[in-house]
Every structure is written in C-alpha cells, then in structure tokens.
Protein chains: 2
Amino acid sequence: MASMREPGPSLRGRGGRPALPRRTPAAPDRREQVRAAAVELFAAQGYRDTTVDQIGERVGIRGPSVYKHFRSKQELLADIVVGTADLLLGAQRAAVRSATDVREQLRRAVEAHVRVHAEHAREAFVGSREIGSLAEPHRSAVLRKRAEYDRRLRRVVETGVREGVFAVDSPRLAAYGILDMGAGVAGWFRPGGPVSQDELATFYAELALRMLGVRPARKR
Amino acid sequence: MASMREPGPSLRGRGGRPALPRRTPAAPDRREQVRAAAVELFAAQGYRDTTVDQIGERVGIRGPSVYKHFRSKQELLADIVVGTADLLLGAQRAAVRSATDVREQLRRAVEAHVRVHAEHAREAFVGSREIGSLAEPHRSAVLRKRAEYDRRLRRVVETGVREGVFAVDSPRLAAYGILDMGAGVAGWFRPGGPVSQDELATFYAELALRMLGVRPARKR
DNA sequence: CCTACCGATCGGTAGG
DNA sequence: CCTACCGATCGGTAGG
C-alpha cells in the first residue's frame with residue numbers, strides 16, 4: 001500500500017493563479033497542518049473524543065472545512081495509522097539490510113524501532129492505541145503490517161540464536177519484550193527532555209542485546 | 001483511596017426475602033457481571049465506543065438497568081481503572097517486601113508486574129489505555145498511583161546499582177523499559193495460550209535481570 | 001473556506 | 001429491571 005502522507009505536488013508550486021479576492025488564502029500545506037493537528041488531538045483525547053471542529057480550530061478553520069482536505073474523520077485517522085505502520089516497516093527493513101552480522105542487525109533494528117517511537121511519539125501512540133477505531137479494510141491492513149513487523153524482528157532473534165550469537169529460552173517472547181519495551185517510548189518520550197532520541201535508541205538497543213545474552217562490549 | 005471493587009455484603013446472603021413474583025430475579029453478583037462485561041467491551045471497542053445498552057445486553061438486561069448497579073458509565077470505568085491501579089500497587093508492595101536481597105526484590109516485583117498484566121490482561125489494558133477517558137478527580141488519582149508504582153520499581157533498580165549488584169548506565173530508563181515490556185503483556189497474552197502466566201513471569205523477570213547486568217544463574 | 005442544518009446516536013431520567 | 005423519552009453532541013452535506 002502506498003503511503004498516504006504525500007500532499008501531492010498538484011497542491012503547491014502551481015504559479016500563475018489569478019489574484020482573486022479570498023478571505024482566507026489556502027495555506028499551501030494546509031492538509032499537512034490538519035493532519036498534524038489531528039495527531040495531537042487524537043493522542044491527547046483519543047479519536048472518538050476529538051471533534052472535527054476541534055481539529056479545524058487548531059488550524060484556524062471551521063469544522064466543515066476540514067472536509068476540503070480529507071474525505072472523512074476516518075480517512076484522517078487511517079492516514080495517520082497506516083502512515084506510521086509504513087514508517088516503522090520501512091525503517092526496520094533498512095536497518096536489517098544495513099548489516100549482515102545478526103548482532104548488528106538486531107542492534108540497528110531496535111535503534112530504528114526506538115527512534116521512530118521517539119521522533120514520532122504521538123503518531124506512534126495513536127497508531128497503536130487507535131487501531132480498533134479504524135474501519136475496514138484499514139484495520140486489517142494495519143494488523144497485517146504489524147504482524148509482519150513483529151515477525152521480522154523475531155526472525156532476527158531466531159537467526160541469532162541459531163547461530164549461537166544469542167542465548168534465550170524463548171526467542172518469541174524475547175522479541176515481544178523488546179518490541180513492547182520500545183513501543184512504550186511513545187508513551188513518555190518528549191523531545192527536549194533529559195534524553196535525546198539517539199541516546200535512548202543506543203541505550204535500549206544495548207538493553208535488548210543484554211536480554212539476548214550478549215555480553216556488553218567492555219568499556220575502555 | 002479504598003478499593004471500589006467490593007460488591008458489599010449487603011447485596012447477598014440476606015435470607016428471608018418474601019417470594020414475590022419477579023420477572024428477572026436479580027443475580028446475586030449482577031454488579032460484578034456488569035463490571036466484567038464492561039471490561040471486555042471497553043477492552044475490545046474502547047470506552048467511548050461502548051454503549052450502556054451493549055453492556056446490559058451482555059448480562060441479559062436493558063441499558064437503563066445498568067444504572068441500578070453503577071451511578072454512571074464513568075463510575076464503571078473508574079471502578080475498573082482505579083481497581084487495576086490498586087491491584088498493581090498492592091502486588092508490587094507485597095513483592096518488594098517479601099525479600100531483602102535487591103536482586104530478589106527486583107525479580108519478584110517484575111514477576112508480580114507481569115502476572116497482573118497477564119492474569120488481568122483486559123483490565124490492565126483498559127487501565128492503561130483509558131486513563132484519558134477518566135474524569136477528574138479519578139484521572140489525577142490514577143496518575144498519582146501510576147507515578148508511585150513506577151517510582152517504586154525505579155528505587156529497587158537504583159538500590160541495586162548503588163549496592164553494585166546491578167550495572168546500568170541509566171536506572172531510570174532501564175526501569176521504564178522493564179515496566180513497558182511487562183505492561184505490553186496485557187496486549188497479547190491470552191490464558192490457555194502456549195505460555196502460562198508463571199512461565200511468562202519467570203522469563204520476563206530473567207530478562208529484566210539481564211538488562212540490569214546480572215549474569216543468569218548457570219543451569220546445571 | 002463558511003453558515004445553516006440534517007440525522008443518528010447515546011447517556012441518563014421518569015415513572016412505574 | 002423495564003419502556004418511553006428527553007437533550008445534547010457531532011459527523012457530514014447543501015449550497016454558496
């Protein structure tokens with residue numbers, strides 16, 4: 001499924017528009033502003049408790065005008081949740097591909113996992129909490145993506161165990177633990193806080209490797 | 001705050017009631033049934049998307065009759081969320097008190113954490129996802145309880161580091177990781193599945209100790 | 001992008 | 001514990 005996050009080039013950069021009188025000039029990336037407002041509100045109040053009027057208010061328009069940018073409140077949610085799932089999947093794929101050593105693959109996959117959950121904390125938060133608010137076929141699509149995401153990390157763990165690099169009794173449970181630990185970041189991480197995204201990613205990857213029985217590299 | 005989970009002795013065991021005709025005899029623990037139905041529905045559909053009629057339907061009564069057992073839908077939610085917070089706090093307190101060795105305190109606290117999130121998976125799930133749906137003063141009360149819960153585990157970790165039993169760069173982040181890892185269990189654990197609660201609790205406690213730099217006990 | 005407005009849903013109450 | 005019903009909220013549409 002293609003990412004639903006691109007505003008589309010047709011909405012901007014189209015010079016030569018006649019200077020007709022307009023009460024409120026359309027901001028070129030109004031669609032993106034609406035999406036961002038929805039992310040914040042859905043994260044803070046939940047999808048169901050957020051009204052279209054509130055979303056509009058955040059970007060200085062009326063509720064019904066939101067429908068100029070999204071077909072429905074549902075589509076807005078789907079854009080956010082599906083988008084986040086794709087972001088995670090892409091980051092994970094790139095991470096695993098960037099190394100051949102399982103230990104390094106695991107480390108980078110966890111770092112990517114944590115980084116996305118920190119950098120896109122609110123989106124990721126909405127993406128996991130509001131799956132149930134998604135109508136079909138989006139819900140099933142996202143569940144499939146998440147299952148694939150989990151499976152891929154699990155495979156890295158299993159490969160490491162097979163190669164004798166990792167040592168855990170249950171690769172599956174260990175993978176769940178690692179994933180949930182990282183996903184939890186979306187619930188409390190705030191940019192500008194005491195820890196940076198990178199520090200957090202590095203630290204959590206180290207914790208994950210420890211969970212898998214890998215000795216921490218001796219510090220010099 | 002006192003637990004809100006007791007049906008109260010006045011609702012049962014009161015013999016000598018005249019055998020008047022009744023269309024639907026009140027089940028002695030109807031209140032508990034209503035609560036259980038609400039837990040399932042809130043977990044599956046979310047608080048906002050669950051109607052009082054649905055809750056009633058699950059126990060064979062009409063929506064308005066739910067108000068014979070709970071003052072409002074809000075009170076039903078508060079009962080669940082506050083109850084779970086108290087359950088966790090109590091289990092953690094008992095766990096930490098049951099040992100003097102930090103390593104053992106940590107192990108038991110994590111086991112308790114995981115066991116509650118497995119045994120009361122749906123309640124714990126609702127308890128963490130629907131905090132935002134809670135009205136004041138319940139919301140603040142629960143947030144305080146959760147903060148205390150987190151702080152207590154963090155203290156065990158910090159004590160272990162101070163004593164040289166644990167070795168982690170950031171006790172705070174490690175504690176978050178451990179807590180989120182265990183809380184995640186509520187999202188996927190199903191009784192009767194491939195792993196038992198005890199196996200899971202034991203395994204996760206072992207993972208937590210590894211995260212803290214404790215060598216796994218050599219298996220004979 | 002706006003105002004006016006429709007239709008459906010739903011928590012809660014009245015009064016048995 | 002039930003039926004009848006009120007009142008408020010809200011997503012979405014009409015028609016500029």
Side-chain angles (χ1 to χ4, degrees), chain A residues 7 10-12 14 17-35 37-38 41-42 44-80 130 133-135 138, chain B residues 7 10-12 14 17-35 37-38 41-42 44-80 130 133-135 138:
Chain A
S10 61
L11 293 179
R12 30 159 67 200
R14 277 280 195 78
R17 186 169 48 204
L20 292 175
R22 265 208 202 209
R23 279 221 298 264
T24 313
D29 51 355
R30 188 46 64 88
R31 182 183 158 96
E32 198 49 42
Q33 291 176 20
V34 170
R35 186 184 185 279
L41 289 165
F42 291 167
Q45 318 176 340
Y47 174 73
R48 248 329 266 289
D49 284 319
T50 298
T51 71
V52 173
D53 278 23
Q54 289 176 327
I55 296 170
E57 192 178 16
R58 278 235 174 181
V59 298
I61 62 179
R62 299 289 176 174
S65 299
V66 166
Y67 292 88
K68 279 283 161 188
H69 304 282
F70 290 90
R71 237 185 296 277
S72 65
K73 193 185 165 193
Q74 254 301 309
E75 188 190 287
L76 200 35
L77 177 66
D79 186 301
I80 293 163
E130 303 290 359
S133 302
L134 229 39
H138 289 305
Chain B
S10 61
L11 293 179
R12 28 161 66 202
R14 277 281 195 79
R17 187 169 47 205
L20 292 176
R22 264 207 205 211
R23 279 223 297 265
T24 313
D29 50 357
R30 189 45 64 84
R31 182 182 158 96
E32 198 49 43
Q33 290 176 22
V34 169
R35 187 185 186 278
L41 289 165
F42 291 168
Q45 318 176 339
Y47 174 74
R48 248 330 267 286
D49 285 319
T50 298
T51 69
V52 174
D53 278 23
Q54 290 176 325
I55 296 170
E57 192 179 16
R58 278 237 176 179
V59 297
I61 62 179
R62 299 289 176 174
S65 299
V66 165
Y67 292 88
K68 278 284 159 184
H69 305 282
F70 290 89
R71 237 183 296 275
S72 66
K73 194 185 164 192
Q74 255 300 312
E75 189 191 286
L76 201 35
L77 178 67
D79 185 301
I80 294 163
E130 303 290 359
S133 301
L134 229 40
H138 289 305

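Residue numbers start from 1 in every chain, and the chains themselves are labelled A, B, ... in the order their sequence lines are given, proteins ahead of strands. Keep in mind it's a predicted model, so treat the numbers as computed, not measured.
We find that CZ of A:Arg58 is positioned 18 Å from P of C:dC1, with the value rounded to whole Å. The distance between atom CG of B:Asp49 and atom P of C:dC10, rounded to the nearest whole Å, is 8 Å. As rounded to whole Å, 15 Å separates atom P of C:dG11 from atom CZ of B:Phe70. Atom-to-atom, OH of B:Tyr67 to C1' of C:dA14 comes out at 14 Å; the value is rounded to the nearest Å. Here C:dC1 presents its P atom at 14 Å from CD1 of A:Ile55, a figure rounded to the nearest Å. Atom CZ in B:Arg48 sits roughly 11 Å away from atom P in D:dT9 (whole-Å rounding). Rounded to whole angstrom, the span from the CD atom of A:Gln54 across to the C1' atom of D:dC10 amounts to 11 Å. Computed from coordinates, the A:Arg62 CZ to D:dT13 C1' distance equals 18 Å when rounded to whole Å.
Between B:Pro64 and A:Lys73, the residue whose closest nucleotide on DNA chain D is further toward the 5' end is B:Pro64. When each of A:Ser65 and B:Ser72 is assigned the nucleotide of DNA chain C with its nearest heavy atom, A:Ser65 is the one assigned upstream, toward the 5' end.
Across all strands shown, C:dG16 is found opposite D:dC1 as a Watson-Crick or G-U wobble partner, with both distances under 3.5 Å. Pair assignment for C:dC10: D:dG7, on the basis of Watson-Crick or G-U wobble contacts that are both within less than 3.5 Å.
At a threshold of 4.5 Å between non-hydrogen side-chain atoms, the residues A:Arg31 and A:Asp79 count as touching.
Checking D:dG11, D:dC1, C:dC2 against every side-chain atom of B:His69, the shortest atom distance belongs to D:dC1.
The environment of A:Glu57 atom CD is sparse: at most 12 non-hydrogen atoms of other residues, nucleotides or ligands sit within 6.0 angstrom.
Partners of A:Asp49 by side-chain hydrogen bond (donor to acceptor under 3.5 Å, both in side chains), not counting sequence neighbours, listed by chain and number: B:Arg48. Residues satisfying the side-chain contact (heavy atoms from CB on, under 4.5 Å) criterion with B:Gln74, sequence neighbours excluded, are B:Tyr47, B:Ser72, B:Leu77, B:Leu134, B:Ala135.
The OG atom of A:Ser65 lies 10.0 Å from the CG atom of A:Asp53; values are rounded to the nearest 0.5 Å.
B:Lys68 comes within 4.0 angstrom of a nucleotide base, judged by non-hydrogen atoms across all strands.
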